[in-house]
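The next block holds one structure in the form of structure tokens; read it before the comments.
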There are 2 protein chains.
Amino acid sequence: MQAESSFKVACSNCNLRELCLPIGLSTEEMTQLDGMVATRKKIKQGGHLYSSGDAFTTLYAIRTGFFKTCVVSEDGREQVTGFQMAGEIMGLDGIVSDKHNCNAIALEDAEVCVMPFNHVEDLSRQIPMLQRHVHKIMSREIVRENGVMMLLANMRAEERLAAFLLNLLQRLHARGYSKSELILRMTREEIGSYLGMKLETVSRTFSKFSDEGIIEVKQKNIRILDHEKLKTIFNSSTC
Amino acid sequence: MQAESSFKVACSNCNLRELCLPIGLSTEEMTQLDGMVATRKKIKQGGHLYSSGDAFTTLYAIRTGFFKTCVVSEDGREQVTGFQMAGEIMGLDGIVSDKHNCNAIALEDAEVCVMPFNHVEDLSRQIPMLQRHVHKIMSREIVRENGVMMLLANMRAEERLAAFLLNLLQRLHARGYSKSELILRMTREEIGSYLGMKLETVSRTFSKFSDEGIIEVKQKNIRILDHEKLKTIFNSSTC
DNA sequence: AGCAGCATTTGATTTGCATCAAGAAGTCAT
DNA sequence: ATGACTTCTTGATGCAAATCAAATGCTGCT
């Protein structure tokens, strides 16, 4: 087994590149891009990729593993702001103040590509398609958070959990996983924090879905029995 | 009175430039930047600057007036995602899919600078400080939304309203307005939507703050009598 | 393997906010 | 100014989810 660091890190032959990178780059541009990732970094389950207050210098692309990000208020309340998986970019919150604004914690052993932000900016100036790509990634995060605001402000517990499951399924499916089965990497409490409900309510709602034959729950293993019904719950308002 | 369009639009002598633009640009760079704003546009109260689904081509900087942005779910529920004032940038939600993702509606007669996004990108490639600035603006929006998520998921009605007032005051103060007085441009219902509560609860909470001598409420005019208490309410968890 | 410590489930009770309702105050158009 | 409409306030009641509580099921460690 060879040490990771002795491999040349290269986006151009990374199997995740269609998730991280713009499509349609020329071979030349692709080669340039290989300069974007400085190194890779492994994080053990429970480890912090970065913490609130840390100096911001780099973005991270997830190669393997699963993360949560969370902000902590002055009085100590923790809020999970997102769950991230392979191919997704982390660290954008740090750009505005040159300090990270949240904690990024691995929910399973993980590996990330370290992309110094000034490399990203330099290359963005040279490769317009990369520039656009970076903008799109940030815009996507803004739009995602708009959706979470809708969820938190307007939806009931069942709708929130249905939305959460459907979102995870869709993202996992884009990575080649089944549409009808998933393993939750986070606890009920973390799900609850993200969805603005208590862990007991998360558990009860899982049980309810299970009773109704919509899903099958075995601890962290969830099997989707009725995808359509899940969508109906998600879309249905109070009527 | 001269028609607006006959004036040369110029960031270099705009009195809002320290809100919109990076600081420390050279005179030469400043001159380049004047190419960023194509035109200006006036929006009447209640008018849409853009709507969900519209093609995205430009960002907007607010010169005067006050806006709300809101997303509408499939089943018709509306969620206010933010309130924007002079110097703030709108339209970032459109970048990811080349379509706007929300409605931007003027809450009072307003004027905006129209900045075609490809101008912004072109100039960003030439002026690294502008590039960084654009990134910071998007990152700031991400961080703001993280804060709203915390508010919606974790806080009680009083804390939410206190947070809302303090945020408005702080932003107005940065624009030269009083720290102890403000005029709400939005209805109780719009505040409620943003804060995830019903208009009746917003009204009741205003009344409660008023009874406790923290603020004075005269319709849309709010006078802050006890700024410290407001902060205490905002920070206090359930204890 | 066995123990300690989390994570999860489920039940009983409380509560903060939503909902329903009605009247008052303010605003706009003619 | 007058009437119509919107916005706001306040009260009474109901409900979804929080809280409190306890038992059970996992997981990881030595």
Side-chain angles (χ1 to χ4, degrees), chain A residues 44-47 68 77-80 105 107-109 151-164 183-212 215-222 233 236-239, chain B residues 44-47 68 77-80 105 107-109 151-164 183-212 215-222 233 236-239:
Chain A
K44 282 250 165 275
Q45 180 169 21
K68 69 169 176 180
R77 278 177 283 187
E78 183 177 293
Q79 172 63 35
V80 173
I105 298 168
L107 296 179
E108 59 181 354
D109 291 358
L151 180 143
L152 290 171
N154 274 308
M155 294 187 184
R156 312 188 308 98
E158 289 174 41
E159 299 176 75
R160 294 182 199 191
L161 194 63
F164 170 75
I183 299 174
L184 300 172
R185 301 297 175 182
M186 69 295 280
T187 65
R188 302 288 190 264
E189 186 166 18
E190 286 160 340
I191 296 171
S193 172
Y194 182 62
L195 298 178
M197 48 208 253
K198 294 290 145 182
L199 70 96
E200 293 95 328
T201 309
V202 174
S203 177
R204 272 184 243 275
T205 309
F206 270 132
S207 299
K208 182 156 188 288
F209 285 175
S210 180
D211 291 347
E212 289 169 349
I215 62 175
E216 200 177 288
V217 183
K218 276 217 189 81
Q219 292 297 122
K220 307 230 170 190
N221 300 275
I222 310 286
I233 292 171
S236 77
S237 64
T238 336
C239 49
Chain B
K44 281 250 164 277
Q45 179 169 21
K68 69 169 175 179
R77 277 176 284 186
E78 183 177 294
Q79 171 64 34
V80 173
I105 298 167
L107 296 179
E108 58 180 356
D109 290 359
L151 180 144
L152 290 171
N154 273 308
M155 294 187 184
R156 311 188 308 98
E158 289 174 41
E159 299 176 74
R160 293 182 199 192
L161 195 63
F164 170 75
I183 298 174
L184 301 171
R185 301 298 176 182
M186 68 295 282
T187 65
R188 303 287 191 263
E189 187 166 18
E190 287 161 339
I191 296 172
S193 172
Y194 182 61
L195 298 179
M197 49 209 252
K198 293 291 144 180
L199 70 95
E200 294 95 329
T201 308
V202 174
S203 179
R204 272 185 243 274
T205 310
F206 271 133
S207 299
K208 182 156 189 286
F209 285 176
S210 180
D211 291 348
E212 290 170 347
I215 63 175
E216 200 177 288
V217 184
K218 274 216 190 80
Q219 292 295 123
K220 307 228 169 188
N221 299 275
I222 309 286
I233 291 171
S236 77
S237 64
T238 338
C239 49

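Each chain gets a letter, A, B and so on, in the order its sequence line appears, and its residues count up from 1. Just the heavy atoms: all of them, side chains too, but no hydrogens, waters or symmetry mates, feed the values below.
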Original post:
Roughly how many Å is it from CZ in A/R156 to P in D/dA18, rounded to a whole number?
Top reply: 13 Å
Original post:
Partners of B/E212 by side chain to side chain contact (heavy atoms under 4.5 Å, CB included), sequence neighbours excluded?
Top reply: B/K208, B/F209, B/I214
Original post:
Roughly how many Å is it from CE in B/M197 to C1' in C/dT15, rounded to a whole number?
Top reply: 16 Å
Subject >> Shortest non-hydrogen contact between B/A153 and A/G196, atoms and distance >> reply: CB-CA, 3.7 Å
Subject >> Gap between atoms NZ and P, on A/K198 and D/dA18 respectively (whole Å) >> reply: 7 Å
**OP:** Please name all residues satisfying side chain to side chain contact (heavy atoms under 4.5 Å, CB included) with A/K44, sequence neighbours left out, ordered by chain then number.
**Re:** A/D109
**OP:** Select base, sugar-phosphate, or nothing to describe what B/G192 touches, counting heavy atoms under 4.0 Å on all strands.
**Re:** nothing
Subject >> For A/K220 against A/M186, the heavy-atom pair lying closest together >> reply: NZ-O, 3.2 Å
Subject >> Distance in angstrom units between A/N221 CG and D/dC26 P, rounded >> reply: 11 Å
Original post:
Between B/Q45 and B/E158, which is nearer to the 5' end of DNA chain C once each is assigned its nearest nucleotide?
Top reply: B/E158
Original post:
Rounding to a whole Å, what distance do you find between A/N154:CG and C/dC17:C1'?
Top reply: 14 Å
Short heteroatom pairs, N/O only, protein and nucleotides 8-13 of chain D, under 3.5 Å:
from	atom 1	to	atom 2	distance (Å)
D/dC8	OP2	B/R188	N	2.8
D/dT9	OP1	B/R188	NH2	3.2
D/dT9	OP2	B/R188	NE	2.8
D/dT9	OP2	B/S203	OG	2.8
D/dT9	O5'	B/S203	OG	3.1
D/dT10	OP2	B/S207	OG	2.6
D/dG11	N7	B/R204	NH1	2.8
D/dG11	O6	B/R204	NH2	3.0
D/dA12	N6	B/R204	NH2	3.4

Original post:
Of all residues at least two apart in sequence or in a different chain, which pass the side chain to side chain contact (heavy atoms under 4.5 Å, CB included) check with A/Q219?
Top reply: none
Subject >> From A/L107, A/L184, A/L199, A/L195, residue fulfilling side-chain contact (heavy atoms from CB on, under 4.5 Å) relative to A/E190 >> reply: A/L107
Original post:
What is the distance, rounded to the nearest whole Å, between atom CG of A/D211 and atom P of C/dT9?
Top reply: 12 Å
**OP:** Please identify each residue that fulfils salt bridge (Lys or Arg N to Asp or Glu O under 4.0 Å) with A/R185, with sequence neighbours left out.
**Re:** A/E108
Original post:
Given atom CE of B/M155 and atom P of D/dA18, what is their separation to the nearest angstrom?
Top reply: 16 Å
Subject >> End-to-end axis angle, where each axis spans five pairs of the helix from C/dA1-D/dT30 to C/dT30-D/dA1, to 10° >> reply: 60°
Original post:
For B/I183 and C/dG26, what is the distance between atoms CD1 and C1' respectively, to the nearest whole Å?
Top reply: 15 Å
Original post:
Looking at A/A162 and A/I233, what are the two nearest heavy atoms and their distance?
Top reply: CB-CG2, 3.9 Å
Original post:
Can you list every pair that meets side-chain hydrogen bond (donor to acceptor under 3.5 Å, both in side chains) and has a residue in residues 193-207 of chain B, with sequence neighbours left out?
Top reply: B/R144-B/Y194
